[in-house]
Peer 1: 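One structure, as structure tokens, below. Some questions next.
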Amino acid sequence: MSPRSGGRATPTDLAHAIRRALRRRRVRCPSDSNLIELLHVAHQASLETDERRPPRLQVTWIDPADPDPDAPPFIRTDRWQWIPIDPRQKLTGPGISKIAAATDPRSTAVGVFGHRGSLEICGLIDQQNLMHDFLHREGKHVYPPPGVFTVRVEGPAHLQVYHAMTKIAELRHGILLGPSVDVFSHGPVLDRLLPGLGSILSSVWQELLDPPAFVRREWRGEIREQWIAALCRTLLRTDGYRHGGAFIISANTAFGVNTKHQIDYSRLRNAIVRQAARTVGVALSYEGIDADYLIPEASHLPVDEWLDYEIEKDELEDCVRELDGTTRFVSLLTQVDGAVLMTPSFEIKGFGVEITAEDPPPSLKLAGDRTASSRRLVSADYNHYGTRHRSMMRYCWAVPESIGLVISSDGGVRAIARVGDDVVMWNDVQLEHESSYDPVASARMRRLRKRIKRGSLPADASPA
């Protein structure tokens with residue numbers, strides 16, 4: 001998405017996109033002048049290099065007078081904390097670059113707020129590693145984020161803006177992007193992946209030593225989440241190298257390609273199966289203990305029952321570490337020129353793959369939603385794109401049930417698939433974990449706590 005003038009988007013255009021997104025979420029945001037100034041300073045800082053290293057930092061808009069309005073009654077020790085800086089410093093590009101040298105966006109954010117018409121660097125926020133791991137599907141434990149919104153400087157002229165753990169806008173090298181498209185939850189891309197999920201589900205039940213009599217819906221959902229998360233983590237790591245790359249996901253691994261380095265690496269698939277099986281095993285083991293012994297009538301808990309549960313947990317931790325290592329291994333294969341070839345069940349068949357399909361698609365469409373609905377499709381020029389994208393379009397046209405995933409060297413992942421008589425491309429695929437944090441409910445809970453504290457409501461009042 002570009003500015004209405006048709007030219008390159010600017011931080012001012014990004015500010016307008018943020019304001020629209022926050023208004024839709026009923027969130028009070030800074031004044032136009034403050035928001036525009038903040039984004040221009042962040043953009044300026046993104047262009048400054050320190051010993052030839054590209055800048056990486058997070059800037060959070062947060063009120064230093066009330067930095068933690070949603071603080072729970074009991075604060076756990078690994079939750080984030082606000083650290084004021086005294087004296088405060090006027091926000092400038094060089095100033096924030098110096099402060100950023102003491103931070104890492106994986107673990108720290110710089111707090112900024114408006115004061116008497118100017119912007120100030122007010123403090124730091126620690127323990128952001130939980131947020132990073134959650135977004136990158138490497139952890140499930142996370143707290144509601146601090147501040148109103150966060151601007152992430154991902155590289156030169158590349159800004160991403162998040163609210164409540166959801167990306168609401170992005171400015172990437174003069175191109176304005178909105179929220180990412182979640183193609184892995186519904187639509188043509190997921191449809192082509194589902195045969196792989198069926199294979200994995202079947203293997204999970206075979207992996208269990210004592211399989212259950214029936215498969216619960218929540219288990220299917222958990223296994224599906226782990227399966228998609230493994231693919232997204234692989235793509236996120238590939239994207240982080242800023243080298244670029246491509247993945248071909250196809251059941252037909254012989255047609256239309258020249259595989260320079262053939263391998264048969266099934267460990268990624270097997271690691272997903274083992275982790276899923278151990279997840280179900282832990283749940284079943286605990287349920288057995290809960291049903292038989294964690295009741296008032298039980299006189300004791302047999303040691304062997306508890307030992308089996310602890311063994312299942314230890315094996316699950318081993319599987320989590322194994323899957324982490326395999327996703328890293330697969331992502332590094334993209335450093336060799338050419339694509340990585342894999343099946344829908346994520347078995348790697350080769351890397352350094354050259355696409356030999358020659359016929360270009362008769363038409364190319366850009367999808368505006370995950371389902372590629374006709375009302376959101378826009379025609380595009382095949383020759384506008386580079387060699388890597390064009391070759392993937394040719395392959396997907398020649399192999400209708402395939403998926404192409406192309407990672408740009410400047411950031412971002414595109415998905416490509418044939419839909420009917422068109423080759424469809426989804427720009428900016430969502431890879432990060434979807435937020436379940438509800439800012440409206442959080443604000444309602446905050447008001448409720450204040451009323452209880454004032455004594456106008458009983459302590460057991462409901463936020464509903």
Peer 1: Answer with yes or no whether the side chains of Asp32 and His16 bring together a donor and an acceptor at under 3.5 Å.
Peer 2: no

Peer 1: Taking it one step at a time, do Arg28 and Asp63 satisfy salt bridge (charged side-chain N to carboxylate O under 4.0 Å, His left out)?
Peer 2: CA-CA 12 Å; Arg28 184 178 180 182; Asp63 184 356; over 6 Å; no

Peer 1: Under the salt bridge (charged side-chain N to carboxylate O under 4.0 Å, His left out) rule, what do Glu322 and Arg269 come out as? Steps first, then yes or no, please.
Peer 2: CA-CA 11 Å; Glu322 180 192 24; Arg269 177 194 184 278; over 6 Å; no

Peer 1: Would you check if the side chain of Arg376 reaches a backbone N or O of Ala372 as a donor-acceptor pair within less than 3.5 Å?
Peer 2: no

Peer 1: If only side-chain N and O atoms count, and only distance matters, is there a donor-acceptor pair under 3.5 Å linking Thr334 with Tyr241?
Peer 2: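 No pair is found: no donor N or O on one side chain lies under 3.5 Å from an acceptor on the other.
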
Peer 1: Any salt bridge between Arg56 and Glu154, counting N to O under 4.0 Å?
Peer 2: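 A salt bridge links Arg56 with Glu154.
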
Peer 1: Should the pair Trp61 and Phe149 be assigned to parallel (<30°), tilted (30 to 60°) or perpendicular (>60°) ring geometry?
Peer 2: parallel

Peer 1: Please determine if Glu312 and Arg278 form a salt bridge, counting it only when a charged side-chain N lies under 4.0 Å from a carboxylate O.
Peer 2: yes

Peer 1: Does the pair Arg237/Glu138 count as a salt bridge with the N-to-O cut at 4.0 Å?
Peer 2: yes

Peer 1: Less than 3.5 Å apart, any donor N or O on the side chain of His40 or Thr12 sitting next to an acceptor on the other?
Peer 2: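 Present: a donor and an acceptor within the cut-off.
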
Peer 1: Would you mind checking if Asp428 and Arg172 are paired as a salt bridge, meaning a charged N to carboxylate O distance below 4.0 Å?
Peer 2: yes

Peer 1: Any salt bridge between Lys313 and Asp308, counting N to O under 4.0 Å?
Peer 2: no

Peer 1: Taking the side chain from Arg26 and the backbone from Arg23, do they hold a donor-acceptor pair closer than 3.5 Å?
Peer 2: no

Peer 1: Taking Tyr162's backbone N and O only, do any of them form a donor-acceptor pair with Thr166's side chain (distance below 3.5 Å, no angle check)?
Peer 2: no

Peer 1: Work out which heavy atom in Leu268 is nearest to a heavy atom in Leu323; give both atom names and the distance.
Peer 2: CD1-CD1, 3.8 Å

Peer 1: So, are Arg137 and Glu225 salt-bridged, with charged N and O less than 4.0 Å apart?
Peer 2: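 So Arg137 pairs with Glu225 through a salt bridge.
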
Peer 1: Where do Arg274 and Glu207 land on the salt bridge (charged side-chain N to carboxylate O under 4.0 Å, His left out) test, with the steps shown first?
Peer 2: CA-CA 7 Å; Arg274 282 190 283 267; Glu207 180 78 12; 5.6 Å; no

Peer 1: So does Ile272 get a backbone contact from the side chain of Trp227, meaning a donor-acceptor N/O pair under 3.5 Å?
Peer 2: no

Peer 1: Using atom types as modelled and distance alone, determine if a side-chain donor or acceptor of Ser408 lies under 3.5 Å from a backbone N or O of Asp410.
Peer 2: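 No, Ser408 side chain to Asp410 backbone: no donor-acceptor pair under 3.5 Å.
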
Peer 1: Judged by atom type as modelled, is there a donor-acceptor pair below 3.5 Å linking the side chain of Asp13 to the main-chain atoms of Thr10?
Peer 2: yes

Peer 1: Could you go step by step and tell me if Arg321 and Asp324 meet the salt bridge (charged side-chain N to carboxylate O under 4.0 Å, His left out) rule?
Peer 2: CA-CA 5 Å; Arg321 288 190 293 268; Asp324 180 71; over 6 Å; no

Peer 1: If you count the non-hydrogen atoms of other residues, nucleotides and ligands that lie under 6.0 Å from NE2 in His243, is the total more than 12?
Peer 2: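 Result for NE2/His243: enclosed.
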
Peer 1: Is there a donor-acceptor contact under 3.5 Å from the side chain of Thr108 to the main chain of Pro105?
Peer 2: no

